[in-house]
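Taking it in order: structure first as structure tokens, then the write-up.
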Amino acid sequence: MSGGANRIPETLARRVRLVVLDVDGVLTDAGIYVGTTTSGERVELKRFDIQDGIGIKMLQWAGIEVALVSGRVSEATLLRARELGVMECHQVPNAYKLRVVEDLLERKDVAWEEVAMLADDIPDLAVLRRVGLKAAVANATPPVAALAEWRTTRRGGHGAVREFCEALLEARGELEGVIRRYEEERSR
Ligand SMILES: [Mg+2]
């Protein structure tokens with residue numbers, strides 16, 4: 001694993017077909033910029049990490065589906081999902097995430113054991129408790145940290161997603177191949 005002390009167990013990693021990522025606090029540092037335009041229209045901005053985005057692409061290249069599941073509704077999240085080619089972007093008011101993920105698993109014919117989740121806070125608990133690979137960011141709140149089997153060394157919004165993606169691919173023995181193919185395609 002790059003930068004981390006612990007490895008994701010290979011047996012857990014190899015089962016994963018779907019990665020569920022929380023958004024606020026995982027893909028971002030949990031901050032939001034709230035304001036209005038001069039015409040009074042509400043504006044909300046979030047800061048996403050470009051290296052995290054490449055980590056998501058790496059999972060997709062390895063054939064692992066990525067879903068964003070947020071407990072808040074925000075245009076910024078949808079824009080970022082589109083940019084990354086993440087088709088499963090779910091924003092659930094009041095964080096009723098479980099029913100959305102249950103529906104996703106049914107549609108994709110994926111079992112709970114085949115799901116990994118990277119989480120940071122209590123809105124993630126109901127889903128995190130059920131997945132096969134439970135991961136938390138370095139600065140996860142205590143209930144999430146206690147439930148997680150694996151933690152990043154990096155904080156949410158500051159490379160935690162990239163670290164998780166690389167650790168997952170490394171544990172599957174796929175990390176080097178993904179990077180090599182990427183470079184080869186750009187060496188022609
Ligand atoms: Mg969160």
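As a basis for the values below, the full set of heavy atoms in this structure was taken, side chains included, without hydrogen atoms, waters or symmetry mates. Position 1 is the first residue of the sequence; numbering continues from there. For ligands, and for the atoms within them, numbers begin at 1 and follow the listed sequence. What you are looking at is a predicted structure, and each value in this text was computed from that prediction instead of being measured.
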(request) Specify which N/O/S atom of Asp24 comes nearest to the Mg ion (ligand 1), by atom name. (result)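 Minimum-distance N/O/S atom of Asp24 relative to the Mg ion (ligand 1) is O.
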(request) Starting from the Mg ion (ligand 1), look over the N/O/S atoms of Asp120 and name the nearest one. (result)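 Of the nitrogen, oxygen and sulfur atoms in Asp120, the Mg ion (ligand 1) lies nearest to OD1.
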(message) What I want to find out is whether Glu88 reaches Lys108 closely enough, with some N-O distance under 4.0 Å, to be called a salt bridge.
(response)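 Judged by the 4.0 Å cut-off on N to carboxylate O distance, Glu88 and Lys108 do form a salt bridge.
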(message) Ignoring hydrogens and geometry beyond distance, is a side-chain donor-acceptor pair present between Glu163 and Thr153 at under 3.5 Å?
(response)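 Side chains of Glu163 and Thr153: pair found under 3.5 Å.
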(request) Answer with yes or no whether the side chains of Gln91 and Ser70 bring together a donor and an acceptor at under 3.5 Å. (result)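 Note: Ser70 and Gln91 side chains miss the donor-acceptor criterion.
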(request) Examine all N, O or S atoms of Asp22, backbone included, and report whether one is under 2.8 Å from the Mg ion (ligand 1). (result)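 Yes - counting backbone and side chain alike, Asp22 has an N, O or S atom under 2.8 Å.
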(message) Report whether any nitrogen, oxygen or sulfur of Asp121 sits less than 2.8 Å from the Mg ion (ligand 1) (N, O or S, backbone or side chain).
(response)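 So Asp121 does not bind the Mg ion (ligand 1) by this criterion.
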(request) Ignoring hydrogens and angles, tell me if any N or O in the side chain of Arg17 forms a donor-acceptor pair with the backbone of Glu114 under 3.5 Å. (result)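 Answer holds: no.
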